[in-house]
Structures are given as structure tokens and as C-alpha cells.
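I have placed the structure first, in the form of C-alpha cells, so that the comments after it can refer back to it.
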There are 2 protein chains.
Amino acid sequence: MPGFRRGRIQPCQRRQRRGMRLILRPSLLLLLAEKESHGYELCEQLASFGFEPEGLDSSIVYRDLREMEEMELIYSYWDENSKGPKRRVYRIQEEGRSRLAEWIENIKSIQARMEKLINRYHSL
Amino acid sequence: MPGFRRGRIQPCQRRQRRGMRLILRPSLLLLLAEKESHGYELCEQLASFGFEPEGLDSSIVYRDLREMEEMELIYSYWDENSKGPKRRVYRIQEEGRSRLAEWIENIKSIQARMEKLINRYHSL
DNA sequence: TATACTATTGACAAAATGCATATAGTTTAG
DNA sequence: CTAAACTATATGCATTTTGTCAATAGTATA
């Protein structure tokens, strides 16, 4: 069984996952702000943010990491000394820390808008 | 000036708008749960959910309305008696009310996860 | 030695999004 | 009276984002 996979999902479920995609990069960046890590380990740790392993294809995580590296928020090096296949270890950059702060602010404002929506719904 | 338009946006801003797209349909459906309405009016009312007119192209709203109609969450009829161009008036269906309830639950769970993320960020 | 687990990457199709533009009736300013 | 601005909806297209599959490879274990 190749790790972190799933079957095809329903169109109605895609929309639900979209909300999670929104916090995927911030979650990864936060994990890397806590300590350096590699893709596979990050996939496991994402569970603590509510990402279930069946709900997230690991290729998405790897892709997002590469993209954040291109944005120069993080950088990577090969860990040659680890057991098993070589790992690409990511570490956060200063640029990444400030971007994380921005993303968190953005999430707060989205959250506030969601709050408004929910309240309005309940006063129907 | 054609209503509800804007210029080209930066790639960093796109991600911010993504959060708003997430609550666009639920917002529209909630507005329609409150009272029947047509696209143009809905565009105006969206401001109360934090959608700025410059931040949302009205074609997106019209498209989402058509799609929700295809999903049979809402239905429409032409208002022939109104002044100006004819309006397509939307009304929510039972199916729409239950879907709205589901969407709200989903938003709540996303909100809870965002909360977790924010708390974890602040304990860095 | 076959299977499962660790670990990463690339290609491709499908879906979502942003933007421009077309159409058309009505009101208002000059 | 006529051009501009506003109300109102719709569509096509290019780009971006997403999900899925498949390929590769080293190591541990049954």
C-alpha cells in the first residue's frame, strides 16, 4: 500500500476538501517553523491539524513544499545519513516566517467572516 | 463603468480571494433562504458578508447561481414586470435548505481547524 | 524472496477561476 | 436628442489549481 492515498472522491466532497487545502500551506509552514522536517514526516504530522491520511494525497504535500521553496519561504537539503531512501529535509527561511504571519492574519479574517455567516444562518 | 469588476490581481492576492470563494455559495444560498432575489441584487447584498464589489466579478456570481440551479438547490423564473432589463429571480428549494445546513456544518469544522492552527501559531 | 513500508517525483486530466466581452433596456446629464 | 452611465445577464477562453496515477528506489520483515 503506497502511503497517504485514497480512491476517487465525489464532487460534493471536493468542495469540503477545498477548505482544508486553504490551510495546508500555512500548516506546513507552521510545522517547519517549529522544526525542520521532510515530506513524509510532515504528511504524518498533518494529522494533528485535522488532515486525515485518506483525505490527502501525499503528492500534493510534496508539490506544495516545492512551490514554497520556489517562493523562497523554505529551502531544502538532502539528508544522506538517514536510513531508507534519502530524505529531502526542509527548513524555514526568514521570508517564510513573515509570510506565515501574513497567512495567519488572512486566516483570522476569513474566520471572522465565517463567524458572521454562521451567526446570520442561526438567526434565520 | 460595468458593475462589479476589477483589474488584474497579483498571485499573492489570489490565495486570499480563495477563502472568500469558499463561502460564496453558502452566502448566496443564505441570502436566498432569507428572501428570493436576482443576481444583481445578490451582488450588492454580498457586501454584508465582506465581499467588496472590486473583489468579486459579477460573472462568478451568475455562474454560481446557474450551477446551484443545476444542482436543484434553487430555481428561477423571469420577472417580466420589473423596470429595466428583465431579471432572473431565484428562489431556494427544500434541497437547498438542507444543503445549506450541511455547508454551514462544514464551515464550522473548517473554522475549528483554523482556530487550532492559529492557537498553535501563537504558542510558537 | 515476496511483500510492505519509507520516501520522492513527474505527467496528465479534470475542475475551478479570472477576465474580457457581448447584449440590451433604462435613466440621467449635457 | 444623444451620449454616457447604470441595471441586468450570459458566454467563451486562457490560466491556474487540483486530484489521481504511475514510476522509482532503498530497507525491513515475514
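We use all heavy atoms of the structure for the numbers below, so side chains are in, but hydrogens, waters and symmetry mates are not. Proteins come first, then strands; the chains are lettered A, B, ... in the order of their sequence lines, and each starts at number 1.
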Worksheet item: Looking at the side chain of Trp78(B), which of dT9(D), dG18(C), dG26(D) is the nearest nucleotide?
Response: dT9(D)
Fill in: Minimum-distance nucleotide to Asp57(A) side chain [options: dT20(D), dT9(D), dC19(C)]
dT20(D)
Nearest-angstrom distance from the residue atom [atom1] of [X] to [atom2] of [N]:
| X | N | atom1 | atom2 | result |
| --- | --- | --- | --- | --- |
| Arg87(B) | dA8(D) | CZ | P | 4 Å |
| Phe51(B) | dT17(C) | CZ | C1' | 14 Å |
| Met20(A) | dT17(D) | CE | C1' | 18 Å |
| Lys83(A) | dT29(D) | NZ | P | 12 Å |
| Arg18(A) | dT17(C) | CZ | C1' | 10 Å |
| Glu70(A) | dT9(C) | CD | C1' | 14 Å |
| Lys86(A) | dT24(D) | NZ | C1' | 13 Å |
| Ile60(A) | dC21(D) | CD1 | C1' | 12 Å |

Fill in: Donor-acceptor pair under 3.5 Å, Arg63(A) side chain vs dG19(D) base
yes
Item to complete: Can you check whether any acceptor in the base of dT9(D) is under 3.5 Å from a donor in the side chain of Ser59(B), or vice versa?
Response: no
Discussion item. Under a 4.0 Å threshold between the charged nitrogen and the carboxylate oxygen, would Asp64(B) count as salt-bridged to Arg21(B)?
Written reply: yes
Has [X] got a side-chain N or O lying under 4.0 Å from the OP1 or OP2 atom of [N]?
| X | N | answer |
| --- | --- | --- |
| Arg66(B) | dA10(D) | yes |
| Arg88(A) | dT9(C) | yes |
| Tyr62(B) | dT9(D) | yes |

Fill in: Residues Glu115(A) and Gln111(B): side-chain donor-acceptor under 3.5 angstrom
yes
Fill in: Tyr77(B) side chain to Glu36(B) side chain, donor-acceptor N/O pair below 3.5 angstrom
yes
Worksheet entry | First encountered from the 5' end of DNA chain D, between Arg21(A) and Ser82(A) | Arg21(A)
Discussion item. Between Gly84(A) and Asp64(A), which residue's closest nucleotide on DNA chain D lies nearer the 5′ terminus?
Written reply: Asp64(A)
Worksheet item: With side chains defined as the heavy atoms from C-beta onward, is the minimum distance between Ile110(B) and Met114(B) less than 4.5 Å?
Response: yes
Worksheet item: If you round to the nearest 0.5 Å, how far is CD1 of Ile23(B) from CD1 of Ile118(A)?
Response: 9.5 Å
